[in-house]
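First up is the structure itself, then whatever we jot down about it.
By convention in this document, chain letters (A, B, ...) are assigned in the order of the sequence lines, proteins followed by strands, and residues within each chain are numbered from 1. As the structure is a computational prediction, the values presented were derived from the model and not from experiment.
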2 protein chains.
Amino acid sequence: MQTMRIEDEIKQPVFKNEYQKGLINLIYTAGWLQQQQAAAFRQFDLTLPQFNVLRILRGQHPKPATVNLLIERMLDKTSNASRIVDKLETKGLVTRTVCPSNRRAVDIRITEPGLELLHRIDESVKEHHGLQMLTLEETQQLNQILDKIRD
Amino acid sequence: MQTMRIEDEIKQPVFKNEYQKGLINLIYTAGWLQQQQAAAFRQFDLTLPQFNVLRILRGQHPKPATVNLLIERMLDKTSNASRIVDKLETKGLVTRTVCPSNRRAVDIRITEPGLELLHRIDESVKEHHGLQMLTLEETQQLNQILDKIRD
DNA sequence: TGCAAATATATGTACATACATTTAATGTCG
DNA sequence: CGACATTAAATGTATGTACATATATTTGCA
């Protein structure tokens, strides 16, 4: 398959300049990747933010996490961690208990079924990281440029 | 200000490899740019998708657009164009009339106040395209890599 | 000690997203 | 011509996002 130029995909004839194209291209491509990933998680009845929270909890396991810790580590800092944990709790993938040493805080832990689900997902998506089509050098360039954007 | 490494921003010590880092970096950076832009549009009481729809309508002006045409050209193809047009209609920025030649379709047009608003935004954000910090060469590299990702 | 500020989380509201379903108009083909 | 598929848009429902506010607990300091 031929490379799909961003101009063709969104049917805008021409960009004013390479910078304008870059901005649109970056946002469009990230959305495209997110949709690919979301589709992959649908078979496990997980959304992308739910998966990310679950992965953070596995990283802490067997220590608990608090909502604050989740917010710190989530990609989208302003999203509502509380309500994402709600959904995971309903599915039995995490538990929520009042933190004994600070009763304002809540200890959140991944459950055995949660760990098993992540393990099944790992098996299923192994080696499919989303950027298989890039060379190592291209990936390094990409990372360097993205870091510079957020200077 | 020093470049903020993605490792520091999301507090994950180390990525498995450059590819995994690239994927997270790409999604994180696009979200970061979107938030910057959304904040800029808030003063005009517009969300990002509303602004994008309005820009497509200006591109068509004085011809009308249909909902289908909006969906084709929007960055996020699966979003709900109908309801975004609802909001713009409520604000008086677009009009909706049944298409005379095909009564299933709806002709959507940008209004004078809509054009004026876009013009004010143009003046305000002129030359601030979001990727000012990159050289032309870096921007070209970025575009080439992003196009390759969506092969 | 006691009261105000800070902290941790939850809740409310408006908007957007993702996907399925519905409604209405049009096209097609026996 | 008429049943049936197709097309265009709108609607329904669950989830997530963004931001403001509320509630409860803890901390700090006069």
Side-chain angles (χ1 to χ4, degrees), chain A residues 27-28 30-54 64-72 74-91 93-108, chain B residues 27-28 30-54 64-72 74-91 93-108:
Chain A
I27 290 171
Y28 181 85
W32 183 87
L33 282 168
Q34 281 190 319
Q35 277 185 256
Q36 305 277 112
Q37 295 187 286
F41 288 120
R42 196 160 308 128
Q43 59 178 306
F44 300 105
D45 196 30
L46 276 187
T47 64
L48 219 39
Q50 286 170 11
F51 172 72
N52 285 324
V53 166
L54 221 45
T66 62
V67 171
N68 255 350
L69 184 143
L70 293 179
I71 291 172
E72 264 177 23
M74 279 167 61
L75 294 190
D76 191 334
K77 313 272 194 211
T78 70
S79 85
N80 201 325
S82 233
R83 279 183 272 229
I84 294 173
V85 172
D86 282 350
K87 303 297 153 60
L88 293 173
E89 194 183 17
T90 301
K91 295 180 198 172
L93 303 176
V94 309
T95 59
R96 230 191 312 216
T97 54
V98 172
C99 171
S101 66
N102 179 351
R103 287 174 33 208
R104 285 173 301 190
V106 173
D107 282 345
I108 304 160
Chain B
I27 290 171
Y28 181 85
W32 185 86
L33 282 167
Q34 282 190 318
Q35 277 184 257
Q36 306 276 111
Q37 296 187 287
F41 286 119
R42 196 160 307 131
Q43 59 179 305
F44 299 105
D45 196 29
L46 277 186
T47 64
L48 219 38
Q50 287 170 9
F51 172 72
N52 285 325
V53 165
L54 222 44
T66 62
V67 171
N68 257 348
L69 184 142
L70 293 179
I71 291 172
E72 263 177 22
M74 281 167 60
L75 293 190
D76 191 333
K77 313 273 193 211
T78 69
S79 84
N80 201 325
S82 232
R83 279 183 273 228
I84 294 172
V85 172
D86 283 349
K87 301 295 154 58
L88 293 173
E89 195 183 19
T90 302
K91 295 180 198 173
L93 302 176
V94 309
T95 59
R96 230 191 311 215
T97 56
V98 171
C99 171
S101 65
N102 180 350
R103 288 174 32 212
R104 281 173 303 190
V106 173
D107 282 345
I108 303 159

Span of DNA chain D engaged by chain A, first through last nucleotide within the 4.0 Å heavy-atom cut-off, is D/dT15 to D/dT26

Inset, instruction - Answer yes or no: is there a side-chain heavy-atom contact under 4.5 Å between A/Leu46 and A/Lys91? - result: yes

When B/Ile108 and A/Thr47 are each assigned the nearest nucleotide of DNA chain D, the 5'-most assignment goes to B/Ile108

5'-most contact on DNA chain D (nearest-nucleotide basis), A/Lys91 vs B/Gln35, goes to A/Lys91

Per the under-4.0 Å heavy-atom filter, residues of residues 96-104 of chain B near DNA chain C come out as B/Asn102, B/Arg103, B/Arg104

Expected list for residues 83-90 of chain B near DNA chain C, using heavy atoms below 4.0 Å, is B/Arg83, B/Ile84, B/Lys87

For [X], give me all partners under side chain to side chain contact (heavy atoms under 4.5 Å, CB included), at least two apart in sequence or on another chain.
X       : result
A/Gln34 : A/Leu48, B/Ile27
A/Gln36 : A/Trp32
B/Thr90 : none

side-chain hydrogen bond (donor to acceptor under 3.5 Å, both in side chains) filter on A/Gln37, not counting sequence neighbours, yields none

Sorted by chain and residue number, the side-chain hydrogen bond (donor to acceptor under 3.5 Å, both in side chains) partners of A/Asn52 (sequence neighbours excluded) come out as A/Arg55

Spacing between [X] atom [atom1] and [N] atom [atom2], to the nearest angstrom:
X       : N      : atom1 : atom2 : answer
B/Ile71 : C/dT17 : CD1   : C1'   : 13 Å
A/Gln50 : C/dA18 : CD    : C1'   : 13 Å
A/Leu69 : C/dT7  : CG    : P     : 17 Å

Taken to the nearest 0.5 Å, the spacing of A/Leu54 CG from A/Ile108 CD1 works out to 11.5 Å

Here the gap from B/Asp107 atom CG to B/Thr66 atom OG1, rounded to the nearest 0.5 Å, amounts to 8.0 Å

Between A/Val67 and A/Ala39, whichever has its closest DNA chain C nucleotide further toward 5' is A/Val67

Donor-acceptor contacts, no H, no angles, side chain residues 98-105 of chain B, under 3.5 Å, sequence neighbours left out:
residue: B/Asn102; atom: OD1; partner: B/Arg104; partner atom: N; Å: 3.1
residue: B/Asn102; atom: OD1; partner: B/Arg104; partner atom: NE; Å: 3.3

B/Phe44 meets the ring pair (Phe, Tyr, Trp, His ring centres under 6.0 Å) criterion, sequence neighbours left out, with none

Heavy atoms under 4.0 Å, any strand shown: does A/Asn68 hit a base, just sugar-phosphate, or nothing?
-> sugar-phosphate

Donor-acceptor contacts under 3.5 Å from residues 80-88 of chain B side chains, at least two apart:
residue: B/Asn80; atom: OD1; partner: B/Ser82; partner atom: N; Å: 3.4
residue: B/Asp86; atom: OD1; partner: B/Arg96; partner atom: NH2; Å: 2.2

